[in-house]
2 protein chains.
Amino acid sequence: MTNKLNLNNLTKSEEDYLKALFQLLIEDSSVKVGNNQLADYLKVSPASTNNMIKKLKAKNYVVSEKYGKLDLTEEGKSIAVRLIRKHRLWETFLCNYLNFTWDEVHEVAEQLEHIKSKKLINELDRFMDFPEKDPHGEMIPNADGEYSILPKITLSSLSDGDVCQLVAVDDGSVNFLKYVSEIGLALSSEIKVLEVREFDKSIRIQFDNTIETVTRKFADNVFVKKVV
Amino acid sequence: MTNKLNLNNLTKSEEDYLKALFQLLIEDSSVKVGNNQLADYLKVSPASTNNMIKKLKAKNYVVSEKYGKLDLTEEGKSIAVRLIRKHRLWETFLCNYLNFTWDEVHEVAEQLEHIKSKKLINELDRFMDFPEKDPHGEMIPNADGEYSILPKITLSSLSDGDVCQLVAVDDGSVNFLKYVSEIGLALSSEIKVLEVREFDKSIRIQFDNTIETVTRKFADNVFVKKVV
DNA sequence: TAAAAAAGTTAGTTATGACTAACAAATTAA
DNA sequence: TTAATTTGTTAGTCATAACTAACTTTTTTA
Ligand SMILES: [Mn+2]
Ligand SMILES: [Mn+2]
Ligand SMILES: [Mn+2]
Ligand SMILES: [Mn+2]
């Protein structure tokens, strides 16, 4: 018999590394994730990630060969998903009950996701009547770690004439989120791509009788579902 | 002009030490608190507290002379009160909204009290409509750190024939709190002291047509207000 | 008031998780 | 296919916060 659940006893740092690796891996499961990439993502030195990866390998959360790419074990994935569940439930709570705006929740959720109490998070889930999505449109895993992958592509991947619906946004940048709200975009907005300009990849879009030009960088952080 | 608010930037440990010292000091403001007493309370070695006290003195949260007793500066008190506010508000939230029992809340609140977000705690306060007391009967400081001291003495300090009302309980021990509920006591229970037995200081009490004998240790953790 | 006990301090060690600098392996470009 | 670049690893340092063991000061007790 394998360990029931040795899923506790992880430090905040260990949890953060596992979550980061998980997020890098699902961004594009075909592309491998290396040590330096993880270091970049977490804004620490490659030496730090190297060291932590050693520890996580010893604990059987990560697998990799020397000089090879990184991967998570099932156990490692499970911990990452649980963190993401907590993060998104807290963001939802802050937005829907405590008057936080969608650009304010991420930072606080980064702290709250490390609170250790199964009951706390499951009761919070029940209190909110089991929400499916967080304020940025991302799916919330259930208590068993299950969640549907929402079909999303970036706005930047579309072409002239495409029509799409905004399904989610990257929640990492406060400035970006404020910007999205300010120009009038929100979850479910229907967006028509008028023109992708070759010169600088900027995109002219139309939504709700508004026409705006957004940069490639902006469009990289907007996730959509094609309609036409 | 003094520092606006350098009240952030404290580690979880520093916060815990300040809160512990504050709680030891108000238990009996006349009695001085020493290094070893603080170590006992926090369940760390005297060397650890000595070291941390040095740091807190350097940061002007604590004052003491070499080989002398410890005291908090106004700044130090302010941080401690803020922690207590957060602790009690979270306990209240867990009990009143998330189906926690009063013996389950303390451990989780010990984690939640260290979350850094002014907005979070003030919105939580508003969401619950500014509760005055926590699940154990303790007063909750307001956003300015103000709170009334509720007049409390321990049940163990009473004598034969005294009648009192249960106003609060120490929230540190899960077993104690379960025990209190099990025998049928709750906040506001009216208790009559039938007899304090000399031999072992056990106390025979009556409440709600129940007669029970409780130990001195039990009675030390029950706070009451005299009625007769 | 001198010895014993208690309280407080210091020194030295450990673990975690950062860092930089130097080095080795793998990949890419010339 | 060699050289340059990128990627990954190791060694050594630092800060935090714990520990034990030894020592000093203060307080208590005989
Ligand atoms: Mn987030
Ligand atoms: Mn989110
Ligand atoms: Mn408590
Ligand atoms: Mn309490």
Side-chain angles (χ1 to χ4, degrees), chain A residues 6 8-21 24-25 27-28 30-72 76 79 83 110-111 113-114 116, chain B residues 6 8-21 24-25 27-28 30-72 76 79 83 110-111 113-114 116:
Chain A
N6 57 334
N8 269 350
N9 299 58
L10 287 171
T11 64
K12 181 184 176 301
S13 279
E14 289 171 328
E15 288 185 340
D16 281 333
Y17 274 92
L18 291 174
K19 191 178 75 152
L21 184 50
L24 286 172
L25 284 168
E27 290 249 358
D28 187 338
S30 60
V31 166
K32 295 294 176 198
V33 174
N35 184 74
N36 289 13
Q37 204 183 334
L38 182 57
D40 264 17
Y41 186 81
L42 285 168
K43 297 190 173 71
V44 295
S45 69
S48 293
T49 48
N50 196 273
N51 193 59
M52 180 60 89
I53 287 298
K54 250 180 211 163
K55 215 192 317 176
L56 295 173
K57 284 171 72 173
K59 292 190 178 184
N60 271 105
Y61 297 127
V62 169
V63 281
S64 78
E65 282 163 36
K66 209 172 179 182
Y67 292 102
K69 299 302 175 184
L70 309 172
D71 207 355
L72 286 165
I79 288 165
L83 274 170
E110 283 293 313
Q111 299 177 61
E113 72 190 6
H114 298 289
K116 285 172 172 53
Chain B
N6 57 334
N8 269 350
N9 299 58
L10 286 172
T11 65
K12 179 183 176 304
S13 279
E14 290 171 326
E15 289 186 339
D16 281 334
Y17 275 89
L18 290 174
K19 191 178 72 150
L21 185 50
L24 286 173
L25 284 168
E27 286 243 8
D28 187 340
S30 61
V31 165
K32 296 294 177 197
V33 175
N35 183 73
N36 290 12
Q37 203 183 332
L38 182 58
D40 264 18
Y41 186 81
L42 285 168
K43 298 189 173 73
V44 296
S45 70
S48 294
T49 48
N50 196 274
N51 194 57
M52 181 58 91
I53 288 297
K54 250 179 211 163
K55 217 194 314 178
L56 294 173
K57 282 170 74 172
K59 292 188 177 186
N60 270 107
Y61 296 127
V62 170
V63 282
S64 78
E65 283 163 37
K66 209 172 181 185
Y67 291 101
K69 299 302 175 185
L70 310 171
D71 207 355
L72 286 165
I79 288 165
L83 274 171
E110 283 293 313
Q111 298 177 60
E113 71 188 8
H114 298 289
K116 284 171 174 53

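Bear in mind the structure is a predicted one, so any value in this text is a computation, not a measurement.
- As rounded to whole Å, 12 Å separates atom C1' of C:dC23 from atom NZ of A:K66.
- The OH atom of A:Y67 sits 12 Å away from the P atom of C:dT27 (whole-angstrom rounding).
- Rounded to whole Å, atom C1' of C:dA18 lies 14 Å from atom CG of A:N50.
- Within 4.0 Å (heavy atoms only), B:T11 reaches sugar-phosphate atoms of the nucleic acid but no base atom.
- The interatomic distance linking A:K32 (NZ) with C:dA26 (P) rounds to 17 Å, in whole Å.
- At least one side-chain nitrogen or oxygen of B:K69 sits closer than 4.0 Å to the OP1 or OP2 atom of C:dG8.
- Distance CG/A:L18 to CG/A:L56: 5.0 Å, rounded to 0.5 Å.
- Between B:E113 and B:D16 there is a side-chain heavy-atom pair separated by less than 4.5 Å.
- Checking the phosphate oxygens (OP1, OP2) of D:dA18, a side-chain nitrogen or oxygen of B:S13 falls inside 4.0 Å.
- The line from OG of A:S45 to CG of A:D40 is 11.0 Å long, rounded to the nearest 0.5 Å.
- The NZ-P distance, from A:K54 to C:dA18, rounds to 15 Å in whole Å.
- Nucleotides of DNA chain C nearest to A:K43 and B:Q37 differ in position, and the one nearer the 5' end is that of B:Q37.
- Contact between B:Y61 and B:I79 at its shortest, heavy atoms only, is CE2-CD1, 3.4 Å.
- Comparing C:dG8, D:dT7, D:dA17 by their nearest atom to the side chain of A:N36 picks out D:dT7.
- Taking NZ of B:K69 as the start and CG of B:L25 as the end, the distance is 11.5 Å to the nearest 0.5 Å.
- Spacing between atom NZ of B:K57 and atom P of C:dG8 amounts to 12 Å, rounded to whole angstrom units.
- Here D:dA17 presents its C1' atom at 7 Å from OH of B:Y17, a figure rounded to the nearest Å.
- Using a 4.0 Å heavy-atom criterion, one finds that B:S45 contacts the bases of the nucleic acid, with or without backbone contacts as well.
- In this structure, of D:dT9, C:dC19, D:dC19, it is D:dC19 that holds the atom nearest to the side chain of B:S48.
- Two residues, B:E65 and A:A47, neighbour DNA chain C, and the one matched to the more 5' nucleotide by heavy-atom proximity is B:E65.
- As rounded to whole Å, 13 Å separates atom C1' of C:dT16 from atom NZ of A:K12.
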